[in-house]
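Sequence positions, counted from 1, serve as the residue numbers for this chain. Only this structure's heavy atoms are used, side chains among them; waters, hydrogens and symmetry mates stay out.
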Amino acid sequence: MATATVNGLRIGYELIGDGDRPWVLTPGGRFPKETPGLRELAEELAKAGDNRVLIWDRPNCGESDVCFEGDSESNLHADTLAALLTELDMAPAVLAGGSAGSRIALLTAARHPEVARALALWWISGGVMGQLVLGNVYCAPNIKAAWVDGMAAVAALPDWAESIERNPANRERILNQDRAAFIATMERWMMAYCPQPERTIPGLPDPAVGGITVPALVFRSGASDAHHTRATSEAVAGLLPAARLAEPPWGDREWSQRQAERQRTGGLFVRWPLLAPALQQWAEDVGC
C-alpha cells in the first residue's frame with residue numbers, strides 16, 4: 001500500500017477510482033482502512049460517478065505511525081487528514097465518514113476549511129453516555145496500564161497489537177514515551193470526550209459547527225442507538241447551515257445488529273456500501 005509522510009508521520013493510504021470529484025472516507029473506532037465495508041463503499045462510489053476516493057489509516061490505526069501529541073486524538077487525526085489531502089493534491093474533498101469518521105470530518109472542516117468541499121456524516125457519536133464511553137474505550141486502558149506497570153504494559157495492550165504488527169517501529173515509539181507525559185496526554189485526550197454545554201460534538205463548540213458552510217448530508221441515527229444518538233444527528237444537521245437531513249438505507253437497529261453480528265459478518269461497517277447511491281445523488285444535486 002502507498003504511504004505519505006505528513007506532519008512528520010508515516011501515513012498509509014489507498015486511492016480508489018480516477019474521477020475528478022475527490023472524496024475521503026474515514027471509519028470509526030481505531031479500525032484500519034481494510035475494515036470490511038470501507039473499501040467496498042469506496043469502490044461503489046468510484047463506480048457510481050466521476051469520483052476518486054481516498055481511504056487511509058489515521059495515526060494510531062493500521063499501518064500508520066502512532067503519535068501522542070495534540071490536545072485531542074481527534075484533532076490529531078483532523079490535522080493529519082488536512083495535511084494528507086494537501087500532500088496528495090486532493091483538496092478540497094468531500095469529507096465523509098461514520099462514528100469517529102464523522103467527528104474527524106467535522107473537525108477537519110472546522111480547523112482546515114480550505115480542504116473541505118462538502119461533508120457526508122453518519123453514526124455521529126454523542127449524548128452523555130456515548131461521549132463518556134469514548135473516553136473510557138480510547139484512553140482509560142492506556143492510563144491504567146501506564147500508571148500501574150509502565151510503557152511496556154501499554155505496548156502489550158490489545159489496543160496497539162495491529163499497529164505494532166503492521167508497523168513494528170510503533171512498539172519502540174510507545175516504549176520511548178515518557179510515562180508521566182503519556183499519562184498526561186491520555187488524560188487530556190480523555191477530557192475532550194467529557195460532555196460540555198454547547199458542545200454537541202466532543203471537542204468542537206457548537207458555534208464552530210455553525211461556521212462550516214459547505215454542503216452537508218447528515219444521515220439520521222436510529223432511535224435505539226445510545227452511542228450515536230438520534231438527537232445528536234438532528235442537532236448537527238440543525239447547526240450546519242447547508243445541511244440536508246436524510247434517512248439511512250437501513251433500519252432503526254442497525255448499530256445494535258452490527259454489534260451483535262460482528263464476529264459472523266466481519267465488522268461493524270459491512271453495510272456501509274448501501275450508502276453509495278444516496279451519497280452520489282446528493283453530490284450531484286449540490287454540485288460539490
Side-chain angles (χ1 to χ4, degrees), residues 17 19-28 41-42 44-46 48-54 74-75 77-79 81-86 89-127 130 197-222 225 228-250 272 274-288:
D20 291 331
R21 180 189 291 117
W23 295 70
V24 55
L25 299 179
T26 306
L41 174 55
E44 288 299 314
L45 285 171
D50 188 26
N51 302 314
R52 178 168 49 123
V53 188
L54 167 67
S74 296
N75 283 349
H77 292 169
D79 294 346
L81 177 55
L84 180 61
L85 288 169
T86 302
D89 196 24
M90 290 186 66
V94 182
L95 312 181
S99 198
S102 64
R103 182 168 62 254
I104 303 312
L106 283 162
L107 283 162
T108 304
R111 293 168 68 85
H112 306 277
E114 71 281 0
V115 307
R117 177 184 298 226
L119 294 174
L121 314 169
W122 56 95
W123 289 358
I124 306 172
S125 301
E198 295 188 357
R199 289 202 175 190
T200 305
I201 300 301
L204 186 60
D206 287 352
V209 179
I212 300 172
T213 59
V214 296
L217 180 63
V218 179
F219 288 99
R220 195 193 311 268
S221 292
D225 190 343
H228 320 93
T229 67
R230 173 165 287 184
T232 300
S233 62
E234 293 175 343
V236 169
L239 288 166
L240 290 166
R244 177 187 300 179
L245 184 63
E247 298 301 325
W250 44 61
W272 280 14
L274 296 176
L275 293 164
L279 291 170
Q280 177 63 25
Q281 186 62 59
W282 159 77
E284 293 176 357
D285 289 349
V286 299
C288 66

Starting at [atom1] of [X], measure out to [atom2] of [Y] and round the result to the nearest 0.5 Å.
| X | Y | atom1 | atom2 | value |
| --- | --- | --- | --- | --- |
| Thr108 | Leu81 | OG1 | CG | 4.5 Å |
| Arg111 | Ile104 | CZ | CD1 | 10.0 Å |
| Asp50 | Glu284 | CG | CD | 10.0 Å |
| Leu121 | His228 | CG | NE2 | 12.5 Å |
| Thr232 | Ile201 | OG1 | CD1 | 6.5 Å |
| Gln280 | Leu275 | CD | CG | 13.0 Å |

Do the side chain of Arg117 and the main chain of Pro92 share a donor and acceptor less than 3.5 angstrom apart?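 Yes.
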Is the backbone of Ala235 close enough, under 3.5 Å, to the side chain of Thr200 for a donor and an acceptor to pair up by distance?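 No.
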Considering non-hydrogen atoms only, spot the tightest contact between [X] and [Y] and give its length.
| X | Y | result |
| --- | --- | --- |
| Ala237 | Ala243 | O-CB, 3.5 Å |
| Val53 | Ala42 | CG1-CB, 3.6 Å |
| Leu274 | Pro249 | O-CG, 3.6 Å |
| Ser102 | Ser125 | OG-N, 4.5 Å |
| Ser99 | Gly28 | CB-CA, 4.0 Å |
| Ala216 | Leu240 | CB-CD1, 3.8 Å |

Does a side-chain heavy-atom distance below 4.5 Å link [X] with [Y]?
| X | Y | value |
| --- | --- | --- |
| Leu95 | Leu85 | yes |
| Leu54 | Leu84 | yes |
| Asp285 | Arg244 | yes |
| Ser233 | Val218 | yes |
| Val286 | Leu217 | no |
| Arg52 | Trp23 | no |

Can you name the side-chain hydrogen bond (donor to acceptor under 3.5 Å, both in side chains) partners of Arg21, sequence neighbours left out?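 Residues passing side-chain hydrogen bond (donor to acceptor under 3.5 Å, both in side chains) with Arg21: Asn51.
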Applying side chain to side chain contact (heavy atoms under 4.5 Å, CB included) to Leu106 and Leu204, what does each step give before you reach the verdict? CA-CA 8 Å; Leu106 283 162; Leu204 186 60; 4.0 Å; yes
Step by step, work out the side chain to side chain contact (heavy atoms under 4.5 Å, CB included) result for His112 and Asp79. CA-CA 8 Å; His112 306 277; Asp79 294 346; 2.8 Å; yes
Where does the angle between the aromatic ring planes of Trp122 and Phe219 fall among parallel (under 30°), tilted (30 to 60°) and perpendicular (over 60°)?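 Answer is perpendicular, since the angle exceeds 60°.
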Arg199/Asp206 ion pair, N-O < 4.0 Å: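 Between Asp206 and Arg199 there is no salt bridge, as every charged N stays at least 4.0 Å from the carboxylate O atoms.
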Evaluate the criterion side chain to side chain contact (heavy atoms under 4.5 Å, CB included) for residue pair Val94 and Trp282; output intermediate values, then yes/no. CA-CA 11 Å; Val94 182; Trp282 159 77; 4.0 Å; yes
Does Glu247 have more than 12 heavy atoms from other residues, nucleotides or ligands lying within 6.0 Å of its CD?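 It does: Glu247 CD has more than 12 such atoms within range.
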For a side chain to side chain contact (heavy atoms under 4.5 Å, CB included) check, start with the C-alpha distance between Arg103 and Ile124, then their side-chain angles and the critical distance, and finish with the verdict. CA-CA 7 Å; Arg103 182 168 62 254; Ile124 306 172; over 6 Å; no
